[in-house]
K.L.:
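Quick one: the structure is below, and I'll ask about it shortly.
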Number of protein chains: 2
Amino acid sequence: MSVTLKDVAQAARVSVSTASRALTGTGLTSERTQQRLTRIARELGYRPNPIARGLKTGQSRLVALLVHNLTNASFQVMAEVVQARLKALGYQMLLCIGGDDPEQESDTLTTLVDHRIDGLIVVPTGKNGPQLKALANDVPIVCLVRRDDATDLETVLADDPQGAYLGTRHLIELGHRRIGLIVGRQDTTSGRERLSGYVRALREADIAKDDTLIHAGHFEPETGATGARKLLDLPHPPSAIFVANHEATLGVLRVTAERNIAIPDDLSLLCYEDMPWFEWHRPAISIVDNGARDLANLAVDRLLHRMDKGNGKDGVREYRVGARLIKRDSCRQIDAPTSGKSAKPKSPPSKSSAARSSAAKSAKV
Amino acid sequence: MSVTLKDVAQAARVSVSTASRALTGTGLTSERTQQRLTRIARELGYRPNPIARGLKTGQSRLVALLVHNLTNASFQVMAEVVQARLKALGYQMLLCIGGDDPEQESDTLTTLVDHRIDGLIVVPTGKNGPQLKALANDVPIVCLVRRDDATDLETVLADDPQGAYLGTRHLIELGHRRIGLIVGRQDTTSGRERLSGYVRALREADIAKDDTLIHAGHFEPETGATGARKLLDLPHPPSAIFVANHEATLGVLRVTAERNIAIPDDLSLLCYEDMPWFEWHRPAISIVDNGARDLANLAVDRLLHRMDKGNGKDGVREYRVGARLIKRDSCRQIDAPTSGKSAKPKSPPSKSSAARSSAAKSAKV
DNA sequence: CGATAGACTGCAAACGATTGCAAAAAGCTA
DNA sequence: TAGCTTTTTGCAATCGTTTGCAGTCTATCG
């Protein structure tokens with residue numbers, strides 16, 4: 001069907017080996033034949049067959065990215081970054097969706113390695129440590145966003161302890177003392193670390209940790225709904241909720257909408273990881289940004305390094321990418337009942353606050 | 001490194017060919033050897049090398065999906081559907097992001113075909129017709145969402161004329177006479193067809209088409225912003241805007257927010273294609289749903305058919321998937337100034353309306 | 001019992017590239 | 001021009017499968 005190296009060689013009246021050497025630019029052919037062959041190849045429209053080449057060389061020029069889903073904006077960004085970087089280097093990205101499901105992850109992993117991918121960036125479920133570890137002997141692997149504790153794979157993580165700390169501190173500085181936390185599964189790195197950041201900020205401010213204010217659950221909108229209901233039904237509900245579980249955000253919003261809770265007047269809301277529309281939402285939603293773009297870039301850097309310099313076990317195994325707070329309009333200053341903290345007023349004067357309340361009422365419809 | 005067929009054959013003391021036949025289940029081996037070999041293969045952890053197999057058979061068990069981006073919720077859904085369907089059949093999905101950029105599309109296409117993909121579902125930019133057409137000889141291709149007019153490829157389209165018609169009619173039924181339209185590039189099928197649906201609804205209602213109310217532009221948020229400004233700055237601005245260009249939605253929202261325009265009180269807003277958060281937005285945004293899931297499923301059906309039954313030029317070249325209207329809260333009934341149309345009041349009483357206006361003001365901050 | 005069909009199996013040639021090794025060609029020195 | 005080195009080239013094996021063809025074995029039938 002398509003033009004093969006043999007065709008090119010025949011047309012040029014040289015052997016296939018010479019053709020190969022000329023076209024791959026090994027420098028083992030004379031300048032003249034090289035140029036002649038490149039010309040002929042171009043004229044014939046020759047395109048090397050990566051499959052055949054791969055069989056011989058053991059490389060596929062395929063790099064896989066395995067994420068949980070594509071609804072999460074961070075994963076979207078990462079996919080786009082990884083794709084762009086790899087493409088520039090002549091690799092094709094294989095984007096796989098694992099659904100945070102260990103079985104699917106395991107399946108996909110074997111398929112990928114079967115296909116002799118040259119490298120893999122994976123957001124691990126954390127349940128396939130042994131498999132990942134074994135695979136890492138065959139192919140360079142970099143973990144992203146989550147660590148798989150059963151492995152010692154090179155891992156690029158968001159600075160979740162810091163991010164959660166920053167977010168919590170922000171709320172504290174606004175005068176909140178009862179801060180609800182909705183967070184991810186505690187058997188994941190990110191879940192645990194965000195909780196720890198939250199706790200640290202509380203401790204620093206001498207606020208007692210109240211376990212009834214903490215809701216940990218799966219990475220699903222439903223978790224947010226359940227959590228929000230639980231928190232809001234408390235005898236003494238929180239004045240702010242920190243949704244440190246990205247997927248849960250929609251669930252929380254649903255509940256506040258259902259109950260006509262005005263944000264930020266009745267409740268301050270701080271979320272984790274951006275979504276493109278947070279900025280346009282009214283009120284615009286404040287977030288802790290996990291730096292998805294940086295994470296992806298660093299992961300690619302590390303992977304390329306491994307693919308290039310060998311897949312050995314070198315020194316650094318863990319990289320952290322800084323988180324930062326993006327203040328928008330979903331958190332408000334509250335009148336600190338007793339505390340003597342210096343509180344620069346940040347939210348607009350009462351007029352606006354009143355307007356906001358009525359907005360909340362109108363939303364009842 | 002890994003276990004090859006040869007190893008299995010040796011362990012079983014048969015020839016490689018027998019091993020191959022036994023394991024691929026050709027039925028050309030005795031029941032006994034077949035079972036024995038499967039057992040041994042399993043024990044040894046043999047996994048066939050798709051590269052080697054591909055070289056011989058010309059198949060890769062790779063199917064590519066080429067979309068513009070991953071921010072568009074429709075593409076997300078499609079990617080997930082396609083991935084799930086293909087995986088169940090033992091194919092790996094290659095997800096590629098083309099950015100609606102002809103050059104990138106062209107690049108990606110050649111790479112994909114080089115990699116001997118078994119099938120391709122593509123949302124074409126429309127600028128690489130000849131190439132697509134040529135490629136279609138080598139590999140089954142199905143176009144999705146957009147048609148490439150320079151080809152006669154099998155294409156699965158949303159019913160955009162109908163969708164735009166439904167949306168526009170909805171607004172008309174609510175009493176709107178001046179309806180702004182923000183729509184995509186007119187050199188794309190979807191762009192043209194949505195415009196035509198809009199026009200048809202207008203004509204049916206005996207409303208004169210006013211070109212100043214129509215803004216066509218690129219598939220980008222910026223288009224929405226520009227369009228919204230243009231429309232709102234009109235001496236006699238529209239009472240409703242139909243954003244029939246999904247990507248433009250955020251831009252429109254930005255402008256309405258900037259200008260404190262209350263939706264739906266000051267302006268009714270109807271959008272095209274869902275986003276997961278439209279439902280949670282206040283007001284929840286009414287949309288015309290393009291049926292992304294159905295589109296993807298149908299595209300997979302058609303592709304599998306081609307891969308299975310041969311890649312010939314059969315009868316039907318174009319499939320349409322119905323659109324439907326999803327009413328939420330961003331469009332309101334307006335007092336028809338003169339028209340005698342029967343108008344069941346749908347929007348809440350004035351009290352709420354007033355509240356909503358003040359909500360708009362509060363958003364100024 | 002010998003012939004013959006039918007079921008299995010193995011040999012060897014692909015698939016399209018890469019690559020070690022040795023031969024041929026070219027360049028250089030004397 | 002012979003002799004030697006240094007390119008440059010070609011042969012052939014190889015990567016791990018699949019598959020046409022021919023050969024072996026068993027069983028069945030006359």
Side-chain angles (χ1 to χ4, degrees), chain A residues 1-38 40-41 44-62 90 110-111 113-118 138-139, chain B residues 1-38 40-41 44-62 90 110-111 113-118 138-139:
Chain A
M1 179 103 273
S2 57
V3 186
T4 80
L5 194 53
K6 198 168 148 196
D7 300 329
V8 179
Q10 259 163 13
R13 316 196 142 278
V14 295
S15 73
V16 196
S17 23
T18 309
S20 170
R21 281 188 275 251
L23 294 177
T24 47
T26 48
L28 290 170
T29 61
S30 74
E31 189 82 1
R32 248 187 70 245
T33 38
Q34 168 138 352
Q35 291 191 348
R36 197 162 63 93
L37 274 154
T38 8
I40 298 187
L44 262 51
Y46 167 73
R47 316 227 72 227
N49 180 334
I51 308 254
R53 177 177 288 174
L55 180 57
K56 182 67 191 176
T57 62
Q59 311 211 307
S60 59
R61 309 243 51 155
L62 253 34
T110 35
T111 319
V113 177
D114 283 352
H115 276 280
R116 300 296 187 276
I117 50 169
D118 292 346
D138 292 349
V139 52
Chain B
M1 180 103 272
S2 58
V3 185
T4 79
L5 195 52
K6 198 167 149 196
D7 301 326
V8 179
Q10 257 161 14
R13 316 195 145 278
V14 295
S15 72
V16 196
S17 21
T18 307
S20 169
R21 280 188 275 250
L23 294 178
T24 48
T26 48
L28 291 170
T29 61
S30 74
E31 189 81 3
R32 248 187 69 245
T33 38
Q34 168 137 353
Q35 293 190 348
R36 198 162 62 94
L37 274 155
T38 8
I40 298 187
L44 262 51
Y46 167 72
R47 314 227 73 227
N49 181 332
I51 307 254
R53 178 178 286 175
L55 180 57
K56 184 67 191 175
T57 62
Q59 310 212 306
S60 59
R61 308 241 57 159
L62 251 35
T110 34
T111 318
V113 175
D114 282 352
H115 275 279
R116 301 296 187 274
I117 50 170
D118 292 347
D138 293 348
V139 52

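Treat the numbers as computed from the prediction; the structure is a model and nothing was measured. Letters A, B, ... are given to chains in the order of the sequence lines, protein chains preceding strands, and every chain is numbered from 1.
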K.L.:
Just how far, in rounded Å, is C1' of C/dG10 from CD of B/Gln10?
P.N.:
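The answer, rounded to whole Å, is 15 Å.
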K.L.:
Round to a whole Å and report the spacing from CG of A/Asn49 to P of C/dA14.
P.N.:
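About 18 Å, once rounded to whole Å.
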K.L.:
Which nucleotide wins on minimum distance to the side chain of B/Ser30, given the candidates C/dT18, C/dC8, D/dT17?
P.N.:
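Side chain of B/Ser30 sits closest to C/dC8.
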K.L.:
What is the nucleic acid contact for A/Arg116, judged by heavy atoms within less than 4.0 Å: base, sugar-phosphate only, or nothing?
P.N.:
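Answer is nothing: A/Arg116 stays at 4.0 Å or more from every strand.
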K.L.:
Identify the heavy atoms of A/Ile40 and A/Ala11 that sit nearest to each other, and give their distance.
P.N.:
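Of all heavy-atom pairs spanning A/Ile40 and A/Ala11, the closest is CG2-CB, 3.9 Å.
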K.L.:
Is any N or O donor-acceptor pair between the side chain of B/Thr57 and the base of C/dC15 shorter than 3.5 Å?
P.N.:
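For B/Thr57, whose side chain was compared with the base of C/dC15, there is no donor-acceptor pair (under 3.5 Å).
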K.L.:
Please report the interatomic distance CG(B/Leu37) to CZ(B/Arg21), rounded to the nearest 0.5 Å.
P.N.:
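Reported value, rounded in 0.5 Å steps: 12.0 Å.
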K.L.:
Could you tell me the separation between the NZ atom of A/Lys6 and the C1' atom of C/dA13, rounded to a whole number of Å?
P.N.:
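Between C1' of C/dA13 and NZ of A/Lys6: 12 Å.
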K.L.:
How long is the line joining CD of A/Gln34 and P of D/dT9, in whole Å?
P.N.:
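Spelled out: CD on A/Gln34 to P on D/dT9 is 10 Å.
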K.L.:
Would you please confirm or rule out a distance under 4.0 Å between OP1 or OP2 of D/dG10 and any side-chain N or O of A/Ser15?
P.N.:
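Result: yes.
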K.L.:
Could you tell me how far apart A/Arg32 (CZ) and D/dT7 (P) are, to the nearest whole angstrom?
P.N.:
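Rounded to whole Å, this separation is 18 Å.
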K.L.:
Checking B/Thr24 against B/Thr26: is there a side-chain donor and acceptor pair closer than 3.5 Å?
P.N.:
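No donor-acceptor contact under 3.5 Å links the two side chains.
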K.L.:
Would you say A/Ser20 places a side-chain N or O within less than 4.0 Å of OP1 or OP2 belonging to C/dT18?
P.N.:
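It does, given that an N or O in the side chain of A/Ser20 lies less than 4.0 Å from OP1 or OP2 of C/dT18.
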K.L.:
Enter the distance from B/Lys56:NZ to B/Arg53:CZ here, rounded to the nearest 0.5 Å.
P.N.:
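Atom-to-atom, B/Lys56:NZ and B/Arg53:CZ are 13.5 Å apart.
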K.L.:
Ignoring backbone atoms, test whether B/Thr33 places a side-chain nitrogen or oxygen under 4.0 Å from the OP1 or OP2 oxygen of C/dT9.
P.N.:
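Checking C/dT9 against B/Thr33, a side-chain N or O does come within under 4.0 Å of OP1 or OP2.
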K.L.:
Measure CD1/A/Ile51 against P/C/dA14 and give the value in whole Å, please.
P.N.:
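It works out to 21 Å between those atoms.
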K.L.:
Could you state the NZ-P distance from B/Lys56 to D/dT14, rounded to the nearest angstrom?
P.N.:
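Atom-to-atom, B/Lys56 to D/dT14, this comes out as 18 Å.
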K.L.:
Are OP1 or OP2 of C/dT9 and a side-chain N or O of B/Ser17 less than 4.0 angstrom apart?
P.N.:
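No, because none of the side-chain N or O atoms of B/Ser17 sits under 4.0 Å from OP1 or OP2 of C/dT9.
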K.L.:
By nearest heavy atom, map B/Leu55 and B/Leu28 onto DNA chain C; which one lands nearer the 5' end?
P.N.:
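Of the two residues, B/Leu28 wins.
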K.L.:
Which is true for A/Thr24 with a 4.0 Å heavy-atom rule: it touches a base, it touches only sugar-phosphate, or it touches nothing?
P.N.:
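Counting heavy atoms under 4.0 Å across all strands, the contact made by A/Thr24 is with sugar-phosphate only.
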K.L.:
What is the distance, to the nearest angstrom, from the CZ atom on A/Arg21 to the C1' atom on C/dC21?
P.N.:
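Distance check: A/Arg21 CZ to C/dC21 C1' gives 10 Å.
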K.L.:
Mind checking the OG1-CG spacing from B/Thr33 to B/Leu23? Nearest 0.5 Å is all I need.
P.N.:
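B/Thr33 atom OG1 to B/Leu23 atom CG measures 10.0 Å (nearest 0.5 Å).
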K.L.:
If the cut-off is 4.0 Å, is B/Arg53 near the phosphate of D/dG16, judged by side-chain N/O to OP1 or OP2?
P.N.:
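For D/dG16, neither OP1 nor OP2 has a side-chain N or O of B/Arg53 closer than 4.0 Å.
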K.L.:
Just checking A/Pro48: base, sugar-phosphate only, or nothing, at a heavy-atom cut-off of under 4.0 Å?
P.N.:
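Counting heavy atoms under 4.0 Å across all strands, the contact made by A/Pro48 is with sugar-phosphate only.
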